[in-house]
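Presented below is the structure to which this report refers.
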Amino acid sequence: MTSNVKESFGHSAPPAPAALAAKVRTLAPSMTRSMQRVAEAVAGDPAGCSALTVTGLAELTGTSEATVVRTARLLGYPGYRDLRLALAGLAAQQESGQSPAVTADIAVDDSLADVVAKLAYDEQQTLADTAAGLDTAQLAACVDALLIAHAHADPHLAVTNAVQLRPRDVAIAITHSGTTGDVIEPLRTAFERGATTIAVTGRPDGAVSQYADHLLTTSTARESELRPAAMSSRTSQLLVVDCLFVGVAQRTYETAAPALSASYEALAHRHDPRSGRR
């Protein structure tokens with residue numbers, strides 16, 4: 001995989017109000033219990049929490065002021081004041097009816113119609129959360145670095161390929177948990193070879209981040225007994241991959257457009273109803 005020269009992380013802007021709830025859902029599982037209480041409080045009652053001082057929120061959640069500040073920073077805000085402003089913005093959106101209520105989990109005795117409706121809602125929410133929380137500056141840096149890409153499903157092949165990468169190459173790892181060894185090992189190898197490394201993950205604090213020059217965070221629908229996170233995470237991962245593809249196609253339009261057209265034409269006969277094959 002080839003690329004431009006490596007770029008370092010920049011300072012990301014604080015998440016927009018619409019991205020706050022997505023950040024909480026994404027990061028809460030990896031927080032300490034005390035930080036979870038703070039995160040759950042601000043996500044559950046943004047209007048009420050936006051009126052509280054740092055001391056007030058600490059008292060409400062049975063935590064400390066330091067925990068409140070650490071939670072705000074983990075969610076992407078420089079300090080508690082910035083988090084309060086985002087909470088006020090989120091509360092205003094909810095009051096205007098822009099934020100739908102969260103649906104219930106899928107039950108064993110749900111009808112198929114209810115299952116379809118709940119899954120469709122969760123998929124839409126997952127995509128919206130990912131889009132709201134996606135750092136477009138990081139995305140642009142990844143697009144700038146990428147040109148040609150090859151996918152390796154075999155972890156052994158991925159490692160042997162990573163060994164050959166150099167500073168002008170790129171390696172991308174996709175892992176929702178951020179802890180999958182078969183994904184981390186090739187990325188670590190590429191990182192050690194000086195290649196630009198990108199991690200697409202739902203857990204930005206996971207082990208994979210140690211070897212990532214650029215992090216693209218994804219969201220996931222709520223995990224349940226009938227639908228583990230490993231399944232729902234695919235939707236947000238595909239969105240990020242699609243964004244990368246379109247971004248690269250835009251950057252290389254003069255060569256990408258004819259190539260895409262030629263590819264379509266080469267396969268068109270396979271979809272011709274007169275051929276009897278689809």
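Counting from 1, the numbers follow the sequence of the chain as shown.
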Quiz item: Taking side chain as C-beta onward, heavy atoms only, is Thr189 less than 4.5 Å from Tyr211?
Solution: no
Exercise. Please check if the side chain of Thr252 supplies one atom and the backbone of Thr255 the other of a donor-acceptor pair under 3.5 Å.
Key: no
Exercise. Can you measure from CG (Leu119) to CG (Asp114) and round to the nearest 0.5 angstrom?
Key: 10.5 Å
Quiz item: So do the side chains of His150 and Leu157 get within less than 4.5 Å of each other, counting heavy atoms only?
Solution: no
Practice problem: Taking all heavy atoms of Val170 and all of Leu165, pick out the closest pair and write down the distance. | Solution: O-CD1, 4.1 Å
Quiz prompt | Shortest non-hydrogen contact between Ala162 and Pro186, atoms and distance | solution = CB-O, 3.3 Å
Quiz item: Is any side-chain heavy atom of Leu244 less than 4.5 Å from a side-chain heavy atom of Val143?
Solution: yes
Quiz item: For Thr32, what residues pass the side-chain contact (heavy atoms from CB on, under 4.5 Å) criterion, not counting sequence neighbours?
Solution: Ser34, Met35
Practice problem: Flag the pair His214 / Thr196 as yes when at least one side-chain heavy-atom distance between them is below 4.5 Å, and no otherwise. | Solution: yes
Quiz prompt | Separation of Arg203 CZ from Thr218 OG1 (nearest 0.5 Å) | solution = 8.5 Å
Quiz item: Between Thr235 and Glu123, does any side-chain donor sit less than 3.5 Å from a side-chain acceptor?
Solution: yes
Practice problem: Can you sort out the partners of Arg73 under salt bridge (Lys or Arg N to Asp or Glu O under 4.0 Å), two or more places apart, ordered by chain and number? | Solution: none
Quiz item: Quick check: does any side chain N or O of Asp169 sit under 3.5 Å from a backbone N or O of Arg166, one acting as donor and the other as acceptor?
Solution: yes
Self-check item: Gap separating the CG atom of Leu187 from the OG1 atom of Thr197, nearest 0.5 angstrom
Solution: 5.0 Å
Practice problem: May I have the step-by-step check of side-chain contact (heavy atoms from CB on, under 4.5 Å) for Arg81 and Leu85, ending in yes or no? | Solution: CA-CA 6 Å; Arg81 177 179 177 278; Leu85 291 174; 3.9 Å; yes
Self-check item: Where Gly178 and Ile184 come nearest, the two heavy atoms and their spacing
Solution: O-CD1, 3.6 Å
Self-check item: Donor-acceptor under 3.5 Å (Ser261 side chain, Ala257 main chain)
Solution: no
Quiz item: For the residue pair Thr71 and Ala39, what are the closest heavy atoms and their distance?
Solution: CG2-N, 4.1 Å
Quiz item: When rounded to the nearest 0.5 angstrom, what distance separates CZ in Phe245 from CG in Leu260?
Solution: 4.5 Å
N/O donor-acceptor pairs under 3.5 Å from side chains in residues 47-60, not counting sequence neighbours:
from: Ser50; atom 1: OG; to: Pro46; atom 2: O; distance (Å): 3.3
from: Ser50; atom 1: OG; to: Ala47; atom 2: O; distance (Å): 2.7
from: Thr53; atom 1: OG1; to: Thr55; atom 2: N; distance (Å): 3.4
from: Thr53; atom 1: OG1; to: Gly56; atom 2: N; distance (Å): 3.0
from: Thr55; atom 1: OG1; to: Glu65; atom 2: OE2; distance (Å): 2.6

Quiz item: With a 4.5 Å heavy-atom cut-off, do Lys118 and Asp110 have their side chains touching?
Solution: yes
Exercise. Would you check, one step at a time, whether the test side-chain contact (heavy atoms from CB on, under 4.5 Å) holds for Val240 with Ile174?
Key: CA-CA 10 Å; Val240 173; Ile174 302 177; over 6 Å; no
Practice problem: For Pro167 and Arg193, work out which heavy atoms get closest and say how close. | Solution: CD-O, 3.9 Å
Quiz item: Honestly curious: do Ile172 and Leu139 fall in one hydrophobic cluster under the side-chain, below-4.5 Å linking rule?
Solution: yes
Quiz item: Can you hop from Leu134 to Val241 via hydrophobic side chains spaced under 4.5 Å?
Solution: yes
Practice problem: For residues 240-259, pull every pair meeting salt bridge (Lys or Arg N to Asp or Glu O under 4.0 Å), keeping only residues two or more places apart or in separate chains. | Solution: Asp144-Arg251
Quiz item: Do Leu75 and Leu90 share a hydrophobic cluster, counting only Ile, Leu, Val, Met, Phe, Trp and Tyr and linking them when any side-chain heavy atoms are less than 4.5 Å apart?
Solution: yes
Self-check item: Straight-line distance of Thr160 OG1 to His152 NE2, nearest 0.5 Å
Solution: 7.5 Å
Quiz item: What are the two closest non-hydrogen atoms of Leu83 and Ala72, and how far apart are they?
Solution: CD2-CB, 3.8 Å
Practice problem: Report the residue from Thr130, Leu239, Leu127 that forms a side-chain contact (heavy atoms from CB on, under 4.5 Å) with Ser219. | Solution: Thr130
Self-check item: Stepwise side-chain contact (heavy atoms from CB on, under 4.5 Å) test for Arg168 and Leu147
Solution: CA-CA 11 Å; Arg168 294 185 66 85; Leu147 286 178; over 6 Å; no
Practice problem: Calculate, to the nearest 0.5 Å, the distance between atoms OG1 and CE belonging to Thr67 and Met31 respectively. | Solution: 11.5 Å
Practice problem: May I ask you to test the Leu216-Asp135 pair for a side-chain heavy-atom distance under 4.5 Å? | Solution: no
Self-check item: Residue pairs involving residues 30-47 (criterion salt bridge (Lys or Arg N to Asp or Glu O under 4.0 Å); sequence neighbours excluded)
Solution: Arg33-Glu40
Practice problem: Keeping to residues at least two apart or across chains, list the salt bridge (Lys or Arg N to Asp or Glu O under 4.0 Å) pairs with something in residues 178-191. | Solution: Arg188-Glu192
